[in-house]
Amino acid sequence: MAETLSPVRVRFAPSPTGHLHIGGARTALYNYLIARKTGGQFILRIEDTDRKRYVAGAEEEIINGLHWLGVDWDEGPDKGGPYGPYRQSQRKEIYQQYAQMLIEQDKAYYCFCSPERLEKVRQEQLSRKESPHYDGTCRRLDPQEAKARVMAGEPHVIRFKTPQEGTTTVTDLLRGEITVENRVLDDYILVKSDGLALYHLAAAVDDHLMKITHVIRGSEWLPTFPLHGLIHRAFGWQEPVWVHLSVFLKPSGKGKMSKRESAELIKDGYSIFIKDLQGLGYLPEAVVNWIALMGWSYDDHTEFFTMADLIEKFSLERLNPAPAAINFTKFDHFNGLHIRHLPVEELAKRIKPFLLEQGYEVDEDVLLKITPLIQERLHTLDEVVEIAGFFFRADVQPAAEDLVVKDLSPKESYELAQKILKILNQLPDMRVSTSEPPLRQFVEESGLKPAQVFGLIRAAVTGQKISPPLFESMEIIGKEMVVKRMEKAISILKKMAEEAESQA
RNA sequence: GCCCCCAUCGUCUAGGGGACCAGGACGCAGCCCUUUCAAGGCUAAAACGGGGGUUCGAAUCCCCCUGGGGGCACCA
């Protein structure tokens, strides 16, 4: 299969009925990538023909989410373009016009069956263990008579006159030819009784009118794919290249993520909704890298991709049709990778909101100093609070047991802390080059292990058992604060030593 | 029930008849580095779902089975 290098026109066509999730984002991303790679156009089209399911704000969320990811489009509802409008609810008349053409050519027909009757037929078929489908009542109506009933104002829909014999073969770029028996295809409704087109008609008409060359969409469309081919052919249009992407499965690999499961993910610090990811501490760069690699690969060793890399390397031919289980652990890995690739100033900028959110006052200079210390320790941006919050707190609260040195008693720890404080007090400043040599010398002379001495200082100064590098941290905190925190640790240890004494 | 799609380590994947006693990544385990935690380096364990063909030769091609997924609306 030769790579398509001529410019493509592709589209992402979400319906504004819920949150933009990683599956939709990936579809948008792939469309965007192939458009940019080939120098073609990427179009955003809102498929809002179902007024009942319309969710206010959903379109805005889609737009914001895509922008955040770094995916932009050339034509769309927010920026216009030569083939607009780009909202299907504003294209009602266009679809009706095309539906009319089909009726005139006897490729579609009016149907007056009520939803109630349809439902009854469906139930009967189900009870007979038949696959539910339209029974064809109105298909047999005389066209003139049907037209008259329509003129008289009788409620009706328009159905596609699906061939009842033979087979239909459509071609998916990843799967090859797919052939189905026409008799298993239904006489799908093209236009609803409210006059608005259903997806099957609207998408076909728009894809043709908007000169879409490649339809890259989710594989939930595979079952109706033959119908879509049939519709294009009924109009005599050339079909676009069809590409059906794999689906995302839940981490266990057992089925798609349910609504409830998706909502509960947030408790573990994860989400499949793009709107949540920023607040959870994820980088758009990492999201893009992660989702790009679920269903697509470049070669057997490259895994780190920037958007620019992806535009250069992406190809439809290397798409994988098999379903992929979502792996959040790998997501964290990619996030850490991209965090480490960020310039320090940029990382500092992205970390700041998480600190501010905690109510910390963030000094820019301090922030720029601590950022390099935590850069390789961060997997998500919000971890900055846990790892480096002590830099911004006026006081720390070390746990008493963290201050007691391994293999030493509280009393011995207390005495050790006093010696350390004495050294600290004598230092002219707290620069690494000033503090490290005398403290290391002290460790040597004391016969203790570095881990014992530095562990005590760490707990006292940072209030944590684990922290960024100690000497660098002390330099940023400054002598005054270091001494103050050491004194506080001593008082805690003193109390512990006394308690141990009285118990003995 | 019917239709469609898919099938390599736990997970994401490389592999398009011999280069494969199957490679990479995440995770997991161990070691090294190291004041903690990370990061980094090294090592280990870990897969071609089953059965038939085709072929001198199959993870790779074909068929069946099994398993998994998706769909069967006046939703998209």
Side-chain angles (χ1 to χ4, degrees), chain A residues 13-18 47-50 52-53 88 111 113-115 118-119 122 125-133 155-159 172 174-175 178-181 184-186 188-194 196 198-200 202-203 217-226 244 246-247 249 251-256 290 293-304 318 320-334 336 340 373-379 387 436 439-440 443 449-459 462 464-471:
Chain A
S15 63
T17 54
E47 312 227 322
D48 56 349
T49 53
D50 186 4
K52 291 190 294 292
R53 294 208 310 155
Q88 290 187 328
C111 173
C113 296
S114 68
L118 259 21
E119 184 53 31
R122 202 180 351 260
Q125 289 167 335
L126 245 25
S127 68
R128 271 180 272 133
K129 296 213 184 292
E130 289 173 18
S131 57
H133 61 276
H156 63 277
V157 300
I158 297 174
R159 285 184 184 272
D172 174 87
L174 309 180
R175 289 160 247 260
I178 296 170
T179 300
V180 294
E181 306 255 1
V184 306
L185 261 24
D186 211 343
Y188 294 86
I189 293 174
L190 261 21
V191 178
K192 293 181 277 185
S193 52
D194 66 1
L196 259 171
L198 238 32
Y199 175 89
H200 310 298
R217 48 151 44 165
S219 63
E220 66 268 20
W221 294 112
L222 236 25
T224 43
F225 179 24
H244 294 88
S246 62
V247 290
L249 270 23
S252 64
K254 305 276 181 201
K256 286 210 293 191
W290 179 50
L293 255 23
M294 296 178 71
W296 176 81
S297 61
Y298 178 61
D299 55 26
D300 66 349
H301 64 271
T302 315
E303 286 223 318
F304 182 88
R318 293 193 65 89
N320 185 343
I326 298 167
N327 185 344
F328 288 109
T329 317
K330 193 144 190 177
F331 185 20
D332 285 335
H333 168 254
F334 276 122
R340 276 171 256 138
L373 296 187
I374 60 171
Q375 183 157 25
E376 65 188 28
R377 286 158 233 274
L378 251 28
H379 301 99
I387 296 176
E436 187 167 0
L439 283 167
R440 286 208 182 275
V443 169
K449 288 182 183 135
Q452 292 176 299
V453 175
F454 298 142
L456 172 55
I457 304 176
R458 182 188 315 283
T462 70
Q464 301 170 183
K465 274 176 90 164
I466 58 177
S467 81
L470 183 59
F471 295 108

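Residue numbering restarts at 1 for every chain, and letters A, B, ... go by the order of the sequence lines.
When distances are taken from the side chain of A:Ala322 to each of B:C6, B:G70, B:C74, the shortest belongs to B:C6. Of all nucleotides listed (B:G71, B:C75, B:A39), B:A39 comes nearest to the side chain of A:Glu376. Here B:U13 is the nucleotide among B:U13, B:A76, B:C4 with the atom lying nearest to any side-chain atom of A:Asn320. Taking the side chain of A:Leu118 as heavy atoms from C-beta on, and the options B:G70, B:C75, B:C74, the nearest nucleotide is B:C74. Picking from B:A76, B:A25, B:A38 the nucleotide with the shortest atom distance to the side chain of A:Lys330 gives B:A25. Relative to the side chain of A:Leu222, the nucleotides B:A76, B:C74, B:C5 differ in distance, and B:C5 lies closest. The listed nucleotides are B:C6, B:A76, B:A39; the one nearest the side chain of A:Arg175 is B:C6. Distance from the side chain of A:Ile466 is smallest for B:C37 among the nucleotides B:C37, B:C6, B:U11. When the nucleotides B:G40, B:C4, B:A25 are ranked by their closest atom to the side chain of A:Arg340, B:G40 comes out on top. Of the candidates B:C26, B:C6, B:C74, B:C74 carries the atom nearest the A:Lys192 side chain, counting heavy atoms from C-beta on.
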query = When you look at A:Leu198 and A:Val157, which way does the side-chain contact (heavy atoms from CB on, under 4.5 Å) test go after all the steps?
reply = CA-CA 10 Å; A:Leu198 238 32; A:Val157 300; over 6 Å; no

inquiry  = A:Tyr199 vs A:Thr224, test: side-chain contact (heavy atoms from CB on, under 4.5 Å). Steps then yes/no.
reply    = CA-CA 11 Å; A:Tyr199 175 89; A:Thr224 43; 5.9 Å; no

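Remark: A:Lys52 is in phosphate contact with B:C75, judged by side-chain N or O atoms under 4.0 Å from OP1 or OP2. The side chain of A:Arg377 places no N or O atom within less than 4.0 Å of a non-bridging phosphate oxygen (OP1 or OP2) of B:G40. For the pair A:His301 and B:U13, the criterion of a side-chain N or O lying under 4.0 Å from OP1 or OP2 is not met. Note on A:Ser246: every side-chain N or O is 4.0 Å or more away from OP1 and OP2 of B:C6. Phosphate proximity of B:G70 to A:Ser219: absent, as no side-chain N or O sits under 4.0 Å from OP1 or OP2.
Residues meeting the ring-ring contact (aromatic ring centres under 6.0 Å, His included) test with A:Phe225, sequence neighbours left out: A:Trp242, A:His244. Partners of A:Gln464 under the side-chain contact (heavy atoms from CB on, under 4.5 Å) rule, at least two apart in sequence or in another chain, are A:Phe390, A:Arg393, A:Thr462, A:Ser467.
Under the Watson-Crick and G-U wobble criteria, each requiring two contacts below 3.5 Å, nucleotide B:C26 is paired to B:G10. With both pairing distances under 3.5 Å, B:A47 is matched to nothing as a Watson-Crick or G-U wobble pair. For B:A38, there is no paired nucleotide, since no Watson-Crick or G-U wobble pair has both relevant distances below 3.5 Å. Within the shown strands, B:G53 is the pairing partner of B:C61 under the Watson-Crick or G-U definition, both distances less than 3.5 Å. When both distances must be under 3.5 Å, the Watson-Crick or G-U wobble mate of B:G1 is B:C72.
As judged by a 4.0 angstrom heavy-atom cut-off over every strand, A:Ser193 is placed among the base-contacting residues. Nucleic acid contact class of A:Pro14 (heavy atoms, under 4.0 Å, all strands): none. Residue contacts shown for A:Leu470 include a base, since a base heavy atom lies under 4.0 Å away. Base contact: A:Phe471 has a heavy atom under 4.0 Å from a base atom. A:Ser15 comes within 4.0 angstrom of the backbone, heavy atoms only, and of no base. A:Val157 comes within 4.0 angstrom of a nucleotide base, judged by non-hydrogen atoms across all strands.
One P atom belongs to B:C20, the other to B:C12, and the distance between them is 25 Å to the nearest Å.
Side chain of A:Arg318 to main chain of A:Ser297: a donor-acceptor pair is present (N/O by atom type, distance under 3.5 Å, no hydrogens or angles). Here the side chain of A:Trp290 pairs a donor or acceptor atom with the backbone of A:Asn327 at under 3.5 angstrom.
Of the options A:Leu126, A:Leu118, A:Asp186, a side-chain contact (heavy atoms from CB on, under 4.5 Å) to A:Pro132 is made by A:Leu126 and by none of the others.
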key: Footprint string (nucleotides 59-68 of chain B, 5' to 3'): B base within contact, S backbone only, - free, heavy atoms under 4.0 Å   = ----------

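Ion pair A:Lys330/A:Glu303 flagged as a salt bridge, since at least one NZ, NE, NH1 or NH2 atom sits closer than 4.0 Å to an Asp/Glu carboxylate oxygen.
Nearest-nucleotide mapping onto RNA chain B: of A:Arg318 and A:Asp48, the residue sitting toward the 5' end is A:Arg318.
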